[in-house]
K.L.:
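Once you've had a glance at the structure underneath, I'll fire off some questions.
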Number of protein chains: 2
Amino acid sequence: MKNISKSQSKVLNCITDWVKAHDYPPTLRELSKLTGFKSTWTIRYHLNNLQEAGYIKLKKGFSRGIILMKNVFGIPVLGSISAGKPVDAIENIDGQIDLSNMFKDQKDMFALKVKGDSMQDAGIFEGDIAFVKKQLTAQDGEIVVALLDSEAVVKKYYLTKSGIKLVPANQKYQPIISKNAQIIGKVVGIIRKYSGRNI
Amino acid sequence: MKNISKSQSKVLNCITDWVKAHDYPPTLRELSKLTGFKSTWTIRYHLNNLQEAGYIKLKKGFSRGIILMKNVFGIPVLGSISAGKPVDAIENIDGQIDLSNMFKDQKDMFALKVKGDSMQDAGIFEGDIAFVKKQLTAQDGEIVVALLDSEAVVKKYYLTKSGIKLVPANQKYQPIISKNAQIIGKVVGIIRKYSGRNI
DNA sequence: ATATTTATAGCACATTTGTGCTATTATGTC
DNA sequence: GACATAATAGCACAAATGTGCTATAAATAT
């Protein structure tokens with residue numbers, strides 16, 4: 001991304017602030033008030049430049065037709081932290097996590113609250129939220145959600161001659177081999193929150 | 001939430017669809033086209049009812065002043081899955097995960113890509129993204145990010161007479177006691193993606 | 001069958017909003 | 001200092017947009 005002038009970043013910051021607060025973009029005149037620039041033309045001037053620099057996209061003729069390119073709700077991912085420097089030193093930022101886009105493809109996705117400790121050794125604990133992509137088949141070694149005796153279980157999947165083998169990641173439990181286990185989906189990710197509720 | 005009529009849910013669905021596609025709410029006339037209702041008054045009629053039912057909030061005088069109460073980008077969380085019934089049977093939905101709001105309080109938050117296997121037994125693996133809330137102190141037993149010899153480490157925190165004790169969750173590694181370890185923040189959650197990149 | 005409520009349409013109007021143009025002020029550059 | 005360029009202001013205007021009102025159709029109750 002090109003670097004931008006002071007005025008341009010002022011406008012950009014006002015847009016992101018507004019979006020954070022309202023969940024929708026501002027109009028030219030709202031930006032005019034926020035930035036202090038008294039002419040809508042000045043705003044458009046900067047908006048056009050911001051668009052050329054790749055920071056926003058403008059929809060002609062639409063009110064509030066400003067689309068931010070950088071996701072507002074992202075969280076910075078730090079690559080490394082070194083002593084002395086403050087944590088928010090920009091140089092260390094490795095990327096930006098956009099939680100909204102983290103598990104896109106959402107129409108074929110659902111989430112499941114994990115019960116029990118059978119997948120403990122795979123780092124999936126009781127209370128974790130598992131993100132599941134709906135599919136009826138799986139490949140060996142993938143972690144799946146399967147329907148077994150009208151109960152949903154999270155296990156590792158293997159296909160054997162005698163049927164589907166569902167392997168827990170915990171020595172306390174035994175693998176299950178079943179001919180009528182039904183695969184519901186594949187676990188594509190998990191999320192865990194250490195304090196407070198997850199939902 | 002109150003239950004709503006067929007027309008009302010039609011309008012609501014059109015709004016959510018629009019927001020998913022555009023990232024900002026529609027105008028009355030755009031909704032008119034989407035729903036097929038030919039009068040803007042009809043739209044307002046339903047919008048007012050949707051507001052009373054608590055599904056949206058209307059900002060008077062603002063163009064596109066519709067605020068959705070349920071987060072659009074949420075993923076349904078299934079409480080239980082039972083045999084026979086299709087996965088998306090609505091009755092099973094336990095809640096809705098709103099990833100954007102999952103780790104709010106974002107100005108004091110950052111994320112960190114976990115390196116190494118020292119927290120393996122706590123279910124934190126290499127490659128996981130840890131969400132960290134910036135703070136300079138911690139309580140016994142909490143998982144913290146600490147600065148040790150100009151390197152950031154993720155460990156369990158304990159305070160002892162001889163200094164800060166940082167305990168890994170892996171028998172392969174030994175606890176570290178240090179007088180000049182500096183707490184950067186507390187790990188409030190983790191997220192893991194099983195295939196593909198995380199950022 | 002009649003009355004009442006609910007749902008939809010149509011239209012006029014004031015306000016909001018993006019657009020286009022010209023003028024003025026700063027900021028450099030030679 | 002003269003000149004060119006960038007940045008800001010002001011204003012007029014048409015299109016978009018929310019608001020308010022009345023009329024009509026459909027559904028429901030009496």
Side-chain angles (χ1 to χ4, degrees), chain A residues 1-69 72, chain B residues 1-69 72:
Chain A
M1 289 245 196
K2 290 177 190 174
N3 50 348
I4 51 181
S5 75
K6 209 171 176 181
S7 295
Q8 285 170 0
S9 69
K10 192 182 190 181
V11 173
L12 190 58
N13 286 333
C14 287
I15 298 173
T16 55
D17 285 351
W18 177 281
V19 171
K20 275 183 193 168
H22 298 82
D23 271 347
Y24 53 79
T27 63
L28 295 187
R29 279 163 185 84
E30 283 160 352
L31 274 178
S32 182
K33 275 185 190 173
L34 286 172
T35 57
F37 293 130
K38 284 159 193 168
S39 171
T40 56
W41 176 261
T42 306
I43 303 296
R44 291 180 67 206
Y45 180 79
H46 292 309
L47 287 182
N48 283 325
N49 290 337
L50 283 170
Q51 180 171 231
E52 274 192 39
Y55 286 85
I56 60 172
K57 231 181 202 174
L58 296 175
K59 274 199 155 184
K60 268 186 239 168
F62 278 66
S63 75
R64 307 181 186 281
I66 304 171
I67 298 168
L68 286 165
M69 291 294 100
V72 182
Chain B
M1 291 242 195
K2 288 177 190 173
N3 49 347
I4 52 180
S5 76
K6 209 171 175 181
S7 296
Q8 284 169 0
S9 69
K10 192 181 188 181
V11 173
L12 190 58
N13 286 333
C14 287
I15 299 174
T16 55
D17 285 351
W18 177 281
V19 171
K20 274 182 193 170
H22 297 82
D23 270 348
Y24 54 78
T27 64
L28 295 187
R29 280 166 184 83
E30 283 159 352
L31 274 179
S32 182
K33 277 186 189 171
L34 287 171
T35 57
F37 293 129
K38 283 160 195 168
S39 172
T40 56
W41 176 260
T42 306
I43 304 294
R44 290 181 67 205
Y45 179 80
H46 292 309
L47 287 182
N48 282 326
N49 291 337
L50 283 170
Q51 179 170 232
E52 275 191 38
Y55 286 84
I56 59 171
K57 232 182 204 173
L58 296 174
K59 274 200 157 187
K60 269 186 238 169
F62 279 66
S63 75
R64 308 181 187 278
I66 304 171
I67 300 167
L68 286 165
M69 291 292 101
V72 181

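All chains are named by letter (A, B, ...) in the order of the sequence lines, taking the proteins before the strands, and each is independently numbered beginning at 1.
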K.L.:
Check whether B/Phe37 forms a cation-pi arrangement with B/Lys10 (NZ or CZ under 6.0 Å from the six-membered ring centre, at most 45° off the ring normal).
P.N.:
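Yes, B/Lys10 sits over the ring of B/Phe37.
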K.L.:
Could you state the CG-C1' distance from B/Leu31 to D/dG18, rounded to the nearest angstrom?
P.N.:
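In whole Å, D/dG18 C1' lies 13 Å from B/Leu31 CG.
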K.L.:
Using atom CG of B/Leu28 as one end and atom P of C/dT16 as the other, report the distance to the nearest whole Å.
P.N.:
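Those two atoms, CG and P, are 15 Å apart.
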K.L.:
Identify the heavy atoms of A/Pro26 and A/Ile66 that sit nearest to each other, and give their distance.
P.N.:
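Where A/Pro26 meets A/Ile66 most closely, the heavy atoms are O-CD1, 3.8 Å.
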K.L.:
Once you round it to whole Å, what is the distance between P of D/dG18 and OH of A/Tyr24?
P.N.:
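Rounded to whole Å, this separation is 11 Å.
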K.L.:
Using a cut-off of strictly less than 4.0 Å, decide whether B/Arg44 has a side-chain nitrogen or oxygen near OP1 or OP2 of D/dT19.
P.N.:
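Yes, such a contact exists.
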K.L.:
Listed by chain and number, what are the side chain to side chain donor-acceptor pair (under 3.5 Å) partners of B/Ser32, not counting sequence neighbours?
P.N.:
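Partners of B/Ser32 under the side chain to side chain donor-acceptor pair (under 3.5 Å) test: none.
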K.L.:
With a 3.5 Å distance limit and no angle check, can you tell me whether B/Glu52 reaches the backbone of B/Asn49 through a side-chain donor-acceptor pair?
P.N.:
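Not a single qualifying donor-acceptor pair exists.
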K.L.:
I need the CG-C1' distance between A/Leu50 and D/dA6, as an integer number of Å.
P.N.:
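Spelled out: CG on A/Leu50 to C1' on D/dA6 is 15 Å.
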K.L.:
Rounded to whole angstroms, how far apart are NZ on B/Lys33 and P on C/dT8?
P.N.:
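Taking NZ of B/Lys33 and P of C/dT8, I get 20 Å after rounding.
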K.L.:
Sugar-phosphate atoms are those with a prime plus P, OP1 and OP2; base atoms are the rest. Using that split, label each nucleotide of nucleotides 7-14 of chain D B, S or - for protein heavy atoms under 4.0 Å, 5' to 3'.
P.N.:
BBBBB---
K.L.:
Going by distance alone, is a donor N or O of one side chain under 3.5 Å from an acceptor N or O of the other, for B/Arg64 and A/Ser63?
P.N.:
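Side chains of B/Arg64 and A/Ser63: pair found under 3.5 Å.
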K.L.:
Distance check needed: C/dT17 P versus A/Leu47 CG, whole Å only.
P.N.:
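One finds 15 Å between P of C/dT17 and CG of A/Leu47, rounded.
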K.L.:
Ring-plane angle category for B/Phe62 and A/Trp18, please: parallel below 30°, perpendicular beyond 60°, tilted otherwise.
P.N.:
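The rings of B/Phe62 and A/Trp18 lie parallel, inter-plane angle below 30°.
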K.L.:
Mind running a 4.0 Å heavy-atom check of residues 57-66 of chain A against DNA chain C and sending the residues that fall below it, in number order?
P.N.:
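Residues of residues 57-66 of chain A under 4.0 Å from DNA chain C: A/Lys60, A/Gly61, A/Phe62, A/Ser63, A/Arg64.
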K.L.:
Testing the basics here: between A/Leu47 and A/Ile56, what is the closest heavy-atom pair and its distance to 0.1 Å?
P.N.:
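Closest pair (atom of A/Leu47, atom of A/Ile56, distance): O-CD1, 3.5 Å.
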K.L.:
Using every non-hydrogen atom in the two residues, find where A/Lys59 and A/Ile67 come nearest and quote the distance to one decimal.
P.N.:
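Answer, listing the atom of A/Lys59 first, then A/Ile67: CG-CD1, 4.3 Å.
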